[in-house]
Amino acid sequence: MEGVAQAVARRQEFGEKVRRIVGREITFDGEGFFWDPHQWDEEVAESLAEEAGLKELSETHWRILRFLREYYLQNGRSPLNRQIKEGTGISLMQMETLFPGGIKYGARRLAGLPNPRTCS
Amino acid sequence: MVVFTKTIYLDNAATTFPKPREVLEEMIGAYSSLGVSPGRGSYDLSMKAEERVMGVRRQICQFFGGSDPERVIFSYNATDALNTLIQGLIEPGCRVVSSRLEHNSVLRPLHHFSEQGIIRLDLIPFGSEGFVDPMAVAEAINPDTSFVILTHASNVLGTVQPVDQVGAICREQGVPLVLDVTQTAGLLPIRMDEWGVSAVAFTGHKSLLGPTGIGGLVLSPTLDVRTTRFGGTGRDSLSLVHTQTYPHRLESGTINIAGIFGLSAGLHYISSRRMDKIYSKELDLAKRLRDGLDSIKGVRVYSTNRHDPWVPIILCNVDGMDPEDASNILDGDFGIAARAGLHCAPLVHEDLGTSPKGGIRFSLGPFNTDEDIDKVLEAMNTISRSK
């Protein structure tokens, strides 16, 4: 688990923005990713999806979001690319088109996962 | 959908993979028989290990066109080597000339000392095709310039810099030239003495085909580098002053001999397969890939079509798609490992207009094939049509 000092340093580096969504205060990083995945719930996801231009989340959207979340909460990390494909039965290319913002800024963000920050 | 059974690896500019079998076998074999502290004791095994390490120093010195094997310094990688060099060369108030093409291994140490007000940093821009103009280096050098430090080839664009011309300028002006040969070592001949280069910094785990964790410096006899890390060297143990003779002046603690054995085997592999043939094969594939990507509607290629001199690196983007998403699709749907992002060279991406998300980098290695290129082009075609 991340220590307090490390968490503070990360938040200073990557920004922190508190927003009120469906009556709850939620902390996001500078790119709009959740700092704490536990602040997520389906109502919040629906509201964020609408903001992103998705009026309704279909069963396919939910299958992806639930898989991403369940995997993250069980394993402490996001699933690998091939695991996403196997776990959802949906290609990453399809996923890219399903979510405004694509895989990272669309699906992963709506699923409430922390920013992956690879090589950025 | 393309069915894949193995990963097509195209991140060789980060680390070549896989390694030649000979490298792995040599590491296990040599480490099994000589895996002791080299030169730290008078017993035969230690002496033999030291002799073997000295042999690798000679091999490296010759490979880079240096003149003194004792001035071959081992480090963990190029970043470590560059830190040793930069920190050992700077003086308060000095100026350093470098370029906006550099990797963070050069930029970050220089920026650190510049921010502290210890040095003045002059960063030369690169032209539209990714080359530094030698005349711009000449103009940037002034009486306070302590050294010039340049990458031999951009790790983002693959463009090979005119270092022989820069070397001539530096020699004429009496300013040491330090070359970061991370992307060229093992692909292109490097002639440090002939080009007027005072130091090269290299890593073993890229085109030299060695393992991670080994790299180094080769210094010319005219360049002295201060010790900035201190410790045991197996010599002069009575003195609390760190050994000042090379290579131990810049090496403290036990060196990575498994890495050194692997690096040596990588050099032998390159020599036996002929470096020009390895380069030529990789370049042919890279040209095909570059030109193929350039012909796909919706794919923007940033790498120059000036193919010579060039190392096999191609940067591109799919219109309207985050490069990281494109890379994840390539990996998850097509089994292609390519590197998205800024490639630790933020100023290059800033100048290309690809910052902050960067681009998708394909970098080839000795084990890539024509079939790999076909599959990448097919995948990129499919991805670009999906948008």
Side-chain angles (χ1 to χ4, degrees), chain A residues 9 12-15 17 28-33 48-49 52-54 60-61 63-65 67-68 71-72 75 77-111 113-120, chain B residues 1-8 11 13-15 103-104 155-156 298 315 317-346 348-350 354-361 363 378-387:
Chain A
Q12 279 171 349
E13 189 175 353
F14 301 123
K17 188 177 179 185
F28 297 92
D29 74 359
E31 291 190 309
F33 286 87
L48 290 173
L54 267 178
T60 310
H61 288 112
R63 194 186 339 153
I64 294 165
L65 297 182
F67 173 78
L68 291 174
Y71 190 96
Y72 181 85
N75 299 280
R77 66 161 173 85
S78 297
L80 303 176
N81 294 318
R82 292 187 197 188
Q83 290 170 330
I84 295 175
K85 193 176 159 188
E86 284 162 13
T88 61
I90 293 163
S91 74
L92 277 87
M93 204 155 45
Q94 284 173 284
M95 200 179 298
E96 174 76 12
T97 58
L98 275 171
F99 291 88
I103 301 165
K104 179 181 172 182
Y105 290 95
R108 286 179 195 252
R109 189 153 57 173
L110 275 190
L113 305 192
N115 198 332
R117 296 198 180 281
T118 51
C119 197
S120 56
Chain B
M1 182 67 64
V2 178
V3 176
F4 61 87
T5 51
K6 70 172 183 79
T7 297
I8 295 171
D11 194 18
T15 293
H103 186 276
N104 274 339
N155 72 311
V156 176
L315 182 76
N317 263 321
V318 178
D319 286 346
M321 191 179 286
D322 187 297
E324 197 176 321
D325 283 357
S327 166
N328 289 336
I329 293 169
L330 281 167
D331 185 32
D333 289 354
F334 298 93
I336 296 166
R339 177 77 166 270
L342 297 174
H343 315 100
C344 299
V348 180
H349 282 283
E350 201 176 294
T354 46
S355 191
K357 290 183 177 173
I360 312 157
R361 182 184 71 182
S363 53
E378 191 181 337
M380 288 295 282
N381 220 332
T382 309
I383 294 169
S384 70
R385 276 190 278 112
S386 75
K387 284 303 286 179

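Protein chains get the first letters and strands the later ones, always in sequence-line order, with residue 1 at the start of each.
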Let's go through B/Val318 and A/Glu96 carefully: what are the C-alpha distance in whole Å and the side-chain angles of both, what is the deciding distance for side-chain contact (heavy atoms from CB on, under 4.5 Å) to 0.1 Å, and is it a yes or a no?
CA-CA 13 Å; B/Val318 178; A/Glu96 174 76 12; over 6 Å; no
What are the two closest non-hydrogen atoms of A/Lys85 and B/Gly332, and how far apart are they?
CD-O, 3.3 Å
From CG (A/Leu92) to CZ (B/Phe334), nearest 0.5 Å:
10.0 Å
Would you indicate whether the side-chain heavy atoms of B/Glu324 and A/Tyr105 approach each other to under 4.5 Å?
no
How close do A/Met93 and B/Asp333 get, counting heavy atoms only, and between which atoms?
N-OD2, 2.8 Å
Look at B/Asp325, B/Ile329, B/Asn328 and state which one has the largest set of heavy-atom pairs under 4.5 Å with chain A.
B/Asp325
Side chains of B/Asp331 and A/Leu80, heavy atoms from C-beta outward: is any pair under 4.5 Å?
no
